[in-house]
Amino acid sequence: MTAVRERLAGLVEAATDGEIAAPDVLAAGGSLTAIGVTSLAVLRLIDAVEEEFGVLIDLDGSFRQLDDFDALADRLATPDGGGGHG
């Protein structure tokens, strides 16, 4: 689980062009928008997560699931990635 969280935090840092550092993401957990992740960065993050983890993220679901770092990390740590393989 820790490896998934660290990888995901790195993806958040990349999606925000380094404006939000991975250690800050890990320390904050919870809402990505609360720590300053923009909607554009969330879209970049979705693309990066799909590529990095080999999953498809359903954009028809609740935005809250995509905005919650801890929930997203938990979802990615499950055997099926929570979104099916693509």
Side-chain angles (χ1 to χ4, degrees):
M1 176 64 165
T2 300
V4 170
R5 289 177 58 79
E6 289 175 358
R7 286 171 61 196
L8 183 56
L11 293 177
V12 172
E13 181 174 359
T16 62
D17 293 326
E19 290 183 25
I20 302 170
D24 295 336
V25 175
L26 290 168
S31 172
L32 293 173
T33 55
I35 61 171
V37 177
T38 65
S39 57
L40 177 58
V42 169
L43 292 175
R44 293 166 140 180
L45 177 61
I46 290 167
D47 286 341
V49 165
E50 289 180 337
E51 186 173 318
E52 177 79 15
F53 290 93
V55 297
L56 292 175
I57 295 180
D58 181 7
L59 297 179
D60 291 332
S62 168
F63 176 74
R64 186 177 304 171
Q65 287 183 335
L66 297 176
D67 183 52
D68 187 324
F69 177 81
D70 295 322
L72 184 55
D74 288 345
R75 196 167 132 189
L76 292 170
T78 62
D80 70 353
H85 292 277

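Source: prediction; values computed, not measured.
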Residue pairs involving residues 38-48 (criterion salt bridge (charged side-chain N to carboxylate O under 4.0 Å, His left out); sequence neighbours excluded): Asp17-Arg44
Results of salt bridge (Lys or Arg N to Asp or Glu O under 4.0 Å) for Glu19 - residues two or more places apart only: none
With Ala22 via side chain to side chain contact (heavy atoms under 4.5 Å, CB included) - residues at least two apart: Ala9, Glu13
Steps toward side chain to side chain contact (heavy atoms under 4.5 Å, CB included) verdict (Val12, Val37): CA-CA 8 Å; Val12 172; Val37 177; 4.0 Å; yes
Heavy-atom side-chain contact between Val49 and Leu76 under 4.5 Å: yes
Test item: Thr16 and Leu45 side chains (from C-beta on) under 4.5 Å apart, heavy atoms: no
Heavy-atom pair of closest approach, residues Ala73 and Val4: O-CG1, 3.6 Å
Positive for side chain to side chain contact (heavy atoms under 4.5 Å, CB included) with Ile46, one of Leu66, Leu11, Leu56: Leu66
Member of Asp70, Leu8, Ile57 meeting the side chain to side chain contact (heavy atoms under 4.5 Å, CB included) criterion with Arg75: Ile57
With Ser31 via side-chain hydrogen bond (donor to acceptor under 3.5 Å, both in side chains) - residues at least two apart: Thr33, Asp67
side-chain hydrogen bond (donor to acceptor under 3.5 Å, both in side chains) partners of Glu50, counting only residues at least two apart: none
